[in-house]
Amino acid sequence: MMNSQDSTELQNPATQPARPPERIDAATALLARQLAPILLCDKNEPFEPVVVGISHLKRGESSPSFQRLNPFTHAPNRTYTILEYAIWWNGDIEHLYELDHVWIYLNENNSPIHITASAHGEMIDISQTNWQDRQIRLFCEPGKHALTPTSAEIIKRREWLDQVCSGSDNVSGFQIPAEFGDHMSFLTPYDYFLARDYLKGKRFTPSYSFEKSLDLSKVPFMSWDELKMFIPRLLRDQSEELRKNKKGIKAVLLDSGDTLIDEGTRIYSEDRENLVLAARSIETSRDLLKGLKERGYLIALVADGLEQSFHNVLKKNGFWDYFDAISISENCGITKPSPRIFIEALMQLGLRREDTNNIIMLGDNLSRDICGANALGITSVWLDWSPRQEKSPREDLEKPDHTISRPIELLQIIDQLEGEETID
């Protein structure tokens, strides 16, 4: 006999197994391949379609994958159904989520009577003169993949496209729509760093010679329902591949006192012990932080003290916003050289223990900063600047891998290490 708890669980969707995605039927798949567009891309285009999600829409149905507009608002009177192609690319020159669309409007005999395509979030009409052997030819914007009926529309945007494709500063890494947000929580600051680094390596100069022909009928098809479930896996796989292939420095960890901030200038609170209210920065420390960010590195603060002290000092000096992660002894419950405070920074960045060989720690204290970094296999750089710190290592773990006398010199060490990695 079923009790009330069993009945409640059966009615609760959270206790039910996930509904399997609706698959594309054979007739729709065949029709979609027969009418699949051919994309005419720039001969230097570095990205390509990976998979296409197909939907066959009836009157009254909205697009399941394009929320901005209803394709039926562009439909001729004789439209019976719409064949929707949601084209998933392996990248856009500015981010690693790229979905473009083509809609083919069909009469009751499944003959095409109209075409629209997506371009920067809008829906544009395509002339039927683009048809050839039942397949439409569409020109594809270099790097951005907006679809147009002729190359003329693309060439009008040449100045902007040249800038975007060859050196845009607007590289976000991942650009995840809200509908996928809950499924993409695995993405970390390091994943975004890797994506930005990867996309910068994909920069190119468009030729505006549209010689690369990509026939979508040759690309794997699935239903949009299946592709929607598959997209988080595609992005996870891409992220893992970037992790596996990444060489060189992955992050820079920095101490604060006598590394960025001159401890000799500290002003303490009279009301709370050890609370620092203000202090001046060390010469070239601002240049170091700026240089690290310009190179695209992730930066973490790994420091001993009260959290409010670092808020006071680093914010007043304009340093706080440079950090992608903050690991402070007050919050960790332990000071350096304990590995916990370093590992906390790695976790916040999304780095793993196996990444430590490609991480740098800069600090002024041999027994805390250098010893703690060396114990984890992190490359240690000692800033021999402070008159307040011990100058001689007392044990092997306190011996730094590198020594500098000014914060800005860390950039030279990094360039040297990156050069060695390139040679290897």
Side-chain angles (χ1 to χ4, degrees), residues 37-42 44-53 55 57 62-75 82-105 114-127 130 136-181 195-196 199-200 202-210 212 214 216 219 224 227-228 231 234-235:
I38 293 174
L39 307 185
L40 303 177
C41 300
D42 190 280
N44 296 332
E45 173 64 51
F47 304 103
E48 60 184 18
V50 174
V51 62
V52 179
S55 301
L57 308 177
S62 59
S63 166
S65 62
F66 192 83
Q67 306 298 327
R68 291 191 179 191
L69 296 169
N70 186 333
F72 275 101
T73 60
H74 287 244
I82 298 176
L83 201 56
E84 176 180 272
Y85 297 78
I87 308 162
W88 176 263
W89 294 71
N90 59 359
D92 168 296
I93 199 63
E94 294 182 310
H95 49 79
L96 285 185
Y97 178 104
E98 178 70 340
L99 192 68
D100 293 285
H101 290 78
V102 175
W103 295 273
I104 298 180
Y105 298 72
H114 187 59
I115 315 102
T116 57
S118 62
H120 301 292
E122 300 300 323
M123 192 178 293
I124 63 170
D125 293 310
I126 306 293
S127 169
N130 291 67
I136 190 168
R137 266 70 173 164
L138 296 173
F139 287 85
C140 187
E141 199 175 63
K144 298 299 294 178
H145 313 139
L147 300 171
T148 64
T150 70
S151 61
E153 289 90 344
I154 295 173
I155 294 173
K156 287 178 185 177
R157 298 191 287 270
R158 183 169 188 158
E159 183 177 351
W160 173 72
L161 284 168
D162 284 344
Q163 181 181 359
V164 168
C165 293
S166 61
S168 171
D169 292 329
N170 189 32
V171 179
S172 60
F174 289 94
Q175 190 176 76
I176 308 300
E179 64 180 305
F180 289 102
R196 290 192 297 269
L199 291 172
K200 288 176 182 177
K202 289 289 185 180
R203 288 172 173 170
F204 70 105
T205 301
S207 68
Y208 301 98
S209 176
F210 298 90
K212 182 183 284 188
L214 300 177
L216 291 186
V219 176
W224 167 251
L227 180 54
K228 184 177 180 179
I231 283 173
L234 287 169
L235 289 172

Open item on the list: Which heavy atom of Leu96 sits nearest to which heavy atom of Gly91, and what is that distance?
Closed with: CD2-CA, 3.9 Å

TODO: Check Cys140 against Phe210 and note the closest heavy-atom contact, atom names and distance.
DONE: O-CE2, 3.5 Å

Task: Nearest-0.5 Å distance, OH of residue Tyr97 to CD1 of residue Ile231 - done: 4.5 Å

Task: 4.5 Å side-chain heavy-atom contact, Thr148 and Leu138 - done: no

TODO: To the nearest 0.5 Å, tell me how far Leu57 CG sits from Glu84 CD.
DONE: 5.5 Å

Task: Reported CH2-to-CZ distance for the pair Trp89 and Phe47, which is rounded to 0.5 angstrom - done: 10.0 Å

Open item on the list: Counting only heavy atoms from other residues, nucleotides and ligands, does the tally under 6.0 Å from NZ of Lys200 exceed 12?
Closed with: yes

Open item on the list: Looking at Asn70 and Ser62, would you say the former's side chain and the latter's main chain have a donor-acceptor pair under 3.5 Å?
Closed with: no

- [ ] Only counting residues at least two apart or in another chain, list the ones meeting salt bridge (Lys or Arg N to Asp or Glu O under 4.0 Å) with Arg157.
- [x] Glu141

Open item on the list: Show, in sequence, the C-alpha distance, side-chain angles and deciding distance for Thr116 and Tyr105, and conclude whether the side-chain hydrogen bond (donor to acceptor under 3.5 Å, both in side chains) test is met.
Closed with: CA-CA 8 Å; Thr116 57; Tyr105 298 72; 3.1 Å; yes

Open item on the list: What's the separation between atom CH2 in Trp224 and atom OG in Ser55, rounded to the nearest 0.5 Å?
Closed with: 8.0 Å

TODO: Without swapping roles, check the side chain of Asn44 against the backbone of Thr205 for a donor-acceptor pair under 3.5 Å.
DONE: yes

Task: Gap separating the CD1 atom of Ile126 from the NE2 atom of His74, nearest 0.5 angstrom - done: 11.0 Å

Open item on the list: Going by the rule side chain to side chain contact (heavy atoms under 4.5 Å, CB included), which residues pair with Leu234 if we only count those two or more places apart in sequence or in a different chain?
Closed with: Val51, Trp88, Leu227, Phe230

Open item on the list: Please enumerate all residues that pass side chain to side chain contact (heavy atoms under 4.5 Å, CB included) together with Lys212, with sequence neighbours excluded.
Closed with: Cys41, Glu45, Leu214

Open item on the list: How close do Ser118 and His101 get, counting heavy atoms only, and between which atoms?
Closed with: OG-N, 2.8 Å

Open item on the list: Restricting to side chain to side chain contact (heavy atoms under 4.5 Å, CB included), what partner residues turn up for Ser209, sequence neighbours left out?
Closed with: Lys43, Ser207, Glu211

TODO: Taking the six-membered ring for Trp and the full ring for Phe, Tyr or His, determine whether the centres of Trp103 and Phe66 are under 6.0 Å apart.
DONE: yes

Task: Worked verdict on His145 versus Glu98 for side-chain hydrogen bond (donor to acceptor under 3.5 Å, both in side chains) - done: CA-CA 9 Å; His145 313 139; Glu98 178 70 340; 3.0 Å; yes

Open item on the list: Could you check whether any side-chain heavy atom of Val102 comes within less than 4.5 Å of a side-chain heavy atom of Leu147, counting everything from C-beta outward?
Closed with: yes

- [ ] Compare every heavy atom of Pro149 with every heavy atom of Phe139, then report the nearest pair and how far apart it is.
- [x] CD1-O, 3.4 Å

Task: Asp42 side chain vs Tyr208 backbone, donor-acceptor pair below 3.5 Å - done: yes

Under 3.5 Å, which donor-acceptor pairs do the side chains of residues 171-181 form with other protein atoms, sequence neighbours left out?
from   : atom 1 : to    : atom 2 : distance (Å)
Ser172 : OG     : Glu94 : O      : 3.3
Gln175 : OE1    : His95 : NE2    : 3.3

- [ ] Drop me the distance from Leu39's CG to Ile87's CD1, to the nearest 0.5 angstrom.
- [x] 5.0 Å

Open item on the list: Could you work out, with side chain to side chain contact (heavy atoms under 4.5 Å, CB included) as the rule, every residue matching Val219, not counting sequence neighbours?
Closed with: Pro49, Val52, Leu216

